[in-house]
K.L.:
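A single structure is presented below for examination.
Sequence positions, counted from 1, serve as the residue numbers for this chain.
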Amino acid sequence: MSAKVPRNFRLLEELEKGEKGLGADGCSYGLTDGEDVMMSNWSAAILGPPHSVHENRIYNLQIHCSASYPDEPPIVKFTSKINLPSVNQQNGRVDLSKLARVAQWNRDYTMEKILVALREYCLTYFPLFGV
């Protein structure tokens with residue numbers, strides 16, 4: 001059995017990866033406030049995937065990691081308007097259960113995995129015709 005990595009260590013790993021740009025293409029993320037010692041509030045951006053109606057668009061998001069993260073998924077909200085079935089159009093909140101990659105949340109998943117899942121979801125539901 002492997003050791004359970006504490007929340008803050010896990011968030012520090014994610015912060016380092018996000019700040020150094022070592023994450024997935026088309027995704028970026030980091031702390032909203034560098035003074036946030038609990039590392040709860042994050043800003044993120046995804047670039048709309050190629051060959052979709054979202055191509056070349058940048059979408060901004062807010063991510064909130066509760067004290068239970070990574071055992072529980074973060075709350076993810078688009079601050080940019082986007083029309084996706086998994087996004088509540090009133091408040092921008094993402095229904096993670098509709099994203100195949102992260103629907104069955106486990107503590108090994110990361111914020112980056114959520115962002116990648118959202119990019120894939122854009123392509124799945126709104127591809128350009130004839131591509």
K.L.:
Any salt bridge linking Lys17 with Glu13? Criterion: basic side-chain nitrogen under 4.0 Å from a carboxylate oxygen.
P.N.:
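Glu13 and Lys17: not salt-bridged.
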K.L.:
Quick check on the hydrophobic clustering: are Val94 and Leu84 connected, directly or via other members, by side-chain heavy-atom contacts under 4.5 Å?
P.N.:
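Same cluster: Val94 reaches Leu84 through Ile, Leu, Val, Met, Phe, Trp or Tyr contacts under 4.5 Å.
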K.L.:
Please tell me whether Val116 and Trp105 are part of a single hydrophobic cluster in this structure, the criterion being side-chain heavy atoms less than 4.5 Å apart.
P.N.:
no
K.L.:
When rounded to the nearest 0.5 angstrom, what distance separates CZ in Arg7 from CE in Met39?
P.N.:
6.5 Å
K.L.:
How are the rings of Tyr29 and Trp42 set relative to one another: parallel (under 30°), tilted (30 to 60°) or perpendicular (over 60°)?
P.N.:
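Rings of Tyr29 and Trp42: tilted, as their planes differ by 30° to 60°.
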K.L.:
How many angstroms lie between atom OG1 of Thr110 and atom CG of Leu11, to the nearest 0.5 angstrom?
P.N.:
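CG of Leu11 is found 11.0 Å from OG1 of Thr110.
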K.L.:
Treat each ILVMFWY residue as a node, draw an edge where side-chain heavy atoms are under 4.5 Å apart, and state whether Tyr109 and Tyr69 are in one component.
P.N.:
yes
K.L.:
Flag yes if Val76 and Leu15 sit in one hydrophobic cluster, no otherwise; membership is Ile, Leu, Val, Met, Phe, Trp, Tyr, and two members link when side-chain heavy atoms are under 4.5 Å apart.
P.N.:
yes
K.L.:
Please step through side chain to side chain contact (heavy atoms under 4.5 Å, CB included) for the pair Leu118 and Leu61, ending with a clear verdict.
P.N.:
CA-CA 11 Å; Leu118 282 167; Leu61 303 98; 3.7 Å; yes
K.L.:
Should Asn83 and Gln89 count as side-chain neighbours, where that means a heavy-atom distance under 4.5 Å?
P.N.:
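Yes, side chains in contact.
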K.L.:
Quick check on the hydrophobic clustering: are Leu12 and Val5 connected, directly or via other members, by side-chain heavy-atom contacts under 4.5 Å?
P.N.:
no
K.L.:
Begin with the C-alpha distance, continue with both residues' side-chain angles, and end with the deciding distance and a verdict on side chain to side chain contact (heavy atoms under 4.5 Å, CB included) for Ile46 and Phe78.
P.N.:
CA-CA 10 Å; Ile46 58 172; Phe78 276 92; 4.2 Å; yes
K.L.:
Would Ile58 and Ser80 satisfy side chain to side chain contact (heavy atoms under 4.5 Å, CB included), going step by step from the backbone distance to the final call?
P.N.:
CA-CA 8 Å; Ile58 298 173; Ser80 302; over 6 Å; no
K.L.:
Treating Glu72 as the side-chain partner and Ser66 as the backbone partner, does any N or O pair qualify as donor plus acceptor under 3.5 Å?
P.N.:
no
K.L.:
Looking at every non-hydrogen atom in both residues, tell me the closest pair between Arg119 and Asp25 and how far apart they are.
P.N.:
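That would be NH1-O, 3.0 Å.
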K.L.:
Between Pro74 and Cys65, what is the shortest heavy-atom contact and its length?
P.N.:
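Answer, listing the atom of Pro74 first, then Cys65: CB-SG, 4.0 Å.
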K.L.:
Determine whether more than 12 heavy atoms belonging to other residues, nucleotides or ligands lie under 6.0 Å from atom NZ of Lys113.
P.N.:
yes
K.L.:
Please confirm whether the backbone N or O of Thr79 pairs with a side-chain atom of Gln62, one donor and one acceptor, at under 3.5 Å?
P.N.:
no
K.L.:
Taking everything shown except Arg93 itself, do over 12 heavy atoms lie less than 6.0 Å from its CZ?
P.N.:
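No, not enclosed.
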K.L.:
How many angstroms lie between atom CG of Leu115 and atom CG of Leu47, to the nearest 0.5 angstrom?
P.N.:
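So the CG of Leu115 and the CG of Leu47 are separated by 12.0 Å.
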